[in-house]
Amino acid sequence: MENLLKQIPKTDKLLNTKALSAYNPIVLKPLIQKFLKDYRKNLLKGGEILSFESCVEYIAKEYLHLSKKSLKPLINATGIIVHTNLGRSVFSSALLEEIIPTLSAYNNLEYDEQQGIRSERTIHLKKLFTTLLQTEDILIVNNNAAAVFLILNTFAKNKEVIVSRGELIEIGGNFRIPRVMQDSGAILKEVGTTNKTYLQDYQEAINENTAMLFKAHKSNYEITGFYKEVAYKDLIKLAKEKNLLDYYDLGSGYLEIPGCEYLKKFEPSLEQIAALKPSLVSFSGDKLLGGTQAGIIFGKAQYITKLKQNQLLRMLRVDKFTLCMLEALLCAYLKGEYEKIPTAKMLLQTKEQLKHKAQKLLAQIPPIFKPQIIETKSYIGGGAMPNKPLDSYGIALKTKDEKQLESFLRKEGIIARLEDKKVILEIIALFTKDFETISTTLLKAHNAR
Ligand SMILES: *Cc1c(COP(=O)(O)O)cnc(C)c1O
């Protein structure tokens with residue numbers, strides 16, 4: 001046994017071997033130590049003796065593996081445009097390039113260079129947002145969940161917040177309205193029933209400890225049939241009469257995009273909601289808006305000012321990446337440069353364009369998969385319009401083992417869908433630059449069988 005363990009190389013010998021000399025010894029040393037520990041254990045269990053070269057090779061592999069990026073690009077063939085698991089909205093290279101100069105230098109994040117004094121970080125977006133939305137003021141926090149929490153904590157600590165039982169939502173990632181209320185210190189006052197809530201229900205629940213009338217977007221579900229909810233404009237009116245605050249957690253707000261009738265058909269735009277002159281509204285920056293993760297709050301200046309005084313804001317504030325990105329995004333909206341906003345661009349695709357795109361992809365698919373264009377229903381995702389599909393197209397692929405093909409594509413970074421024993425590549429959220437990768441990966445899949 002002693003003899004056997006003597007076969008194990010010394011840490012220093014490995015550390016100083018020429019083959020590993022290019023690697024950072026600070027990273028290398030713990031890797032070597034871990035390797036030797038495992039090796040020793042393995043030998044004692046009757047494992048085989050490795051040559052010095054094999055040891056070096058193994059350690060080099062571990063080192064390279066460590067420096068390989070874990071976050072990587074994927075191809076979204078799921079047919080869901082704003083896919084939370086796939087990073088929600090995509091940035092365009094054009095917008096990213098615009099923000100490089102500011103982000104690779106010192107900048108005026110919190111500095112007024114005209115007056116030489118400290119300034120406020122959200123000021124850079126105020127003019128853009130207030131112009132686009134015709135609202136008094138804005139505030140940006142880490143995400144919409146943070147916005148909900150901050151608003152409740154600021155205005156409703158130990159006070160009652162009236163919410164319809166039809167809107168006590170849970171969205172992905174364990175965000176439940178009743179739980180958020182509780183943690184923020186607000187007292188939840190449920191009114192109405194699951195399927196019907198009237199203005200009178202809110203009226204009757206108001207008392208001297210009421211702070212707010214709260215509306216939550218149902219986001220990921222719908223109630224149909226025998227159903228009634230109170231319109232936000234009626235809640236705003238009631239709140240005003242009773243000297244209360246109205247707040248709408250909108251989830252996935254969108255700015256109007258000329259030529260995109262689909263959204264307007266089902267949901268009011270941010271512009272339309274802002275025109276109601278609400279107290280406060282919040283929405284996500286990376287859902288339909290097409291930007292980066294952020295919680296965007298807008299409304300009456302007096303309330304935004306109070307939010308800014310909450311100590312919590314220091315914990316929820318956003319950094320320069322987020323603000324730079326949102327500024328570039330809003331400039332693109334302002335100038336109508338929708339080609340710089342992939343989420344908007346995807347929504348603007350006409351059925352004809354989608355068909356054309358499908359034909360282009362079809363031409364690049366190896367015939368062995370018997371590819372066929374099929375009509376599909378795609379979705380916006382990100383908790384918007386769960387039952388309002390977008391008519392689109394996909395390519396159906398036939399193969400002996402469709403589960404195996406789906407899994408092969410997935411491991412190569414192409415996320416497709418299985419349906420009717422076929423692998424479906426949905427067109428709507430694909431970029432044309434993805435086509436070649438899809439084509440070569442399919443060939444690879446065929447050759448791997
Ligand atoms: C998505 C959503 C949230 C959470 O927004 P994040 O930006 O993901 O934190 C909150 N409320 C509603 C209604 C939503 O749809």
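These numbers come from a predicted model, not from an experiment.
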Asker: Is a donor on one side and an acceptor on the other found under 3.5 Å between the side chain of Y232 and the backbone of P278?
Answerer: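 Side chain of Y232 to backbone of P278: no pair is present.
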Asker: For the residue pair L152 and S184, what are the closest heavy atoms and their distance?
Answerer: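 In this case the closest contact between L152 and S184 is CB-OG, 3.3 Å.
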Asker: Does atom NZ of K242 have more than 12 heavy-atom neighbours, drawn from other residues, nucleotides or ligands, at distances under 6.0 Å?
Answerer: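 It does not: K242 NZ has 12 such atoms or fewer within range.
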Asker: More than 12 foreign heavy atoms under 6.0 Å from NZ of K355: is that the case here?
Answerer: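 Counting neighbours around NZ of K355, 12 or fewer heavy atoms of other residues, nucleotides or ligands fall under 6.0 Å, so no.
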Asker: Without swapping roles, check the side chain of Y333 against the backbone of L289 for a donor-acceptor pair under 3.5 Å.
Answerer: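 Side chain of Y333 to backbone of L289: a pair is present.
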Asker: Give the intermediate values and the outcome of ring pair (Phe, Tyr, Trp, His ring centres under 6.0 Å) for residues F435 and F431.
Answerer: CA-CA 7 Å; F435 291 3; F431 296 91; 9.9 Å; no
Asker: If you count every heavy atom of other residues, nucleotides or ligands that lies below 6.0 Å from F321 atom CZ, does the total exceed 12?
Answerer: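 No, because the 6.0 Å sphere around CZ of F321 holds 12 heavy atoms or fewer from other groups.
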Asker: Taking side chain to side chain donor-acceptor pair (under 3.5 Å) as the test, write out the residues that go with D286, two or more places apart.
Answerer: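 For D286 the side chain to side chain donor-acceptor pair (under 3.5 Å) partners, ignoring immediate neighbours, are R88.
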Asker: Tell me if a side-chain donor or acceptor on S439 pairs with a main-chain N or O of Q364 at a distance below 3.5 Å.
Answerer: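 Yes; judged by distance alone, with no hydrogens or angles, the pair exists.
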Asker: Would you indicate whether Q200, at its atom CD, is surrounded by more than 12 heavy atoms from other residues, nucleotides or ligands within a distance under 6.0 Å?
Answerer: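 Count not over threshold, so no.
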Asker: Answer yes or no: does atom CD of Q372 have more than 12 heavy-atom neighbours from other residues, nucleotides or ligands under 6.0 Å?
Answerer: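 It does not: Q372 CD has 12 such atoms or fewer within range.
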Asker: Kindly say whether T437 contributes a backbone atom to a donor-acceptor pair with the side chain of D434 at under 3.5 angstrom?
Answerer: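 Looks like no, no N/O pair under 3.5 Å.
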Asker: Under a 4.0 Å N-O cut-off, is there an ion pair linking E110 with R118?
Answerer: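 A salt bridge links E110 with R118.
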Asker: Is it true that atom NZ of K196 has more than 12 heavy atoms of other residues, nucleotides or ligands lying nearer than 6.0 Å?
Answerer: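 Yes, because the 6.0 Å sphere around NZ of K196 holds more than 12 heavy atoms from other groups.
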Asker: Within the distance-only criterion (no hydrogens, no angle test), does the side chain of K300 pair as donor or acceptor with the backbone N or O of K277 below 3.5 angstrom?
Answerer: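 Here the side-chain-to-backbone pair exists.
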Asker: Listed by chain and number, what are the salt bridge (charged side-chain N to carboxylate O under 4.0 Å, His left out) partners of E136, not counting sequence neighbours?
Answerer: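 Expected list: none.
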Asker: Test your reading of the model: is there a side-chain donor-acceptor pair from S92 to the backbone of K340, 3.5 Å cut-off?
Answerer: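 At least one qualifying donor-acceptor pair exists.
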Asker: Mark yes when over 12 heavy atoms from residues, nucleotides or ligands other than E352 sit less than 6.0 Å from its CD; otherwise mark no.
Answerer: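 For E352, atom CD is not crowded (no more than 12 foreign heavy atoms under 6.0 Å).
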Asker: For N243, look at atom CG and say whether over 12 heavy atoms of other residues, nucleotides or ligands are found less than 6.0 Å away.
Answerer: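 Check fails, neighbour count at 12 or below.
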Asker: Using distance alone, with no hydrogens and no angle criterion, decide if Y303 and D137 have a side-chain donor and acceptor under 3.5 Å apart.
Answerer: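 Checked: Y303/D137 side chains show no N/O donor-acceptor pair below 3.5 Å.
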Asker: Kindly say whether A186 contributes a backbone atom to a donor-acceptor pair with the side chain of N153 at under 3.5 angstrom?
Answerer: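 No, N153 side chain to A186 backbone: no donor-acceptor pair under 3.5 Å.
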Asker: Check whether R121 reaches the backbone of V318 with its side chain - one donor and one acceptor, N or O, closer than 3.5 Å.
Answerer: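 Flag set: sc R121 to bb V318 pair under 3.5 Å.
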Asker: At their closest point, which heavy atom of L128 faces which heavy atom of H124, and how far apart are they?
Answerer: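 Answer, listing the atom of L128 first, then H124: CD1-O, 4.4 Å.
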Asker: Please list, chain by chain and in numerical order, all residues satisfying side chain to side chain donor-acceptor pair (under 3.5 Å) with T376, sequence neighbours excluded.
Answerer: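 T376: side chain to side chain donor-acceptor pair (under 3.5 Å) contacts with E426.
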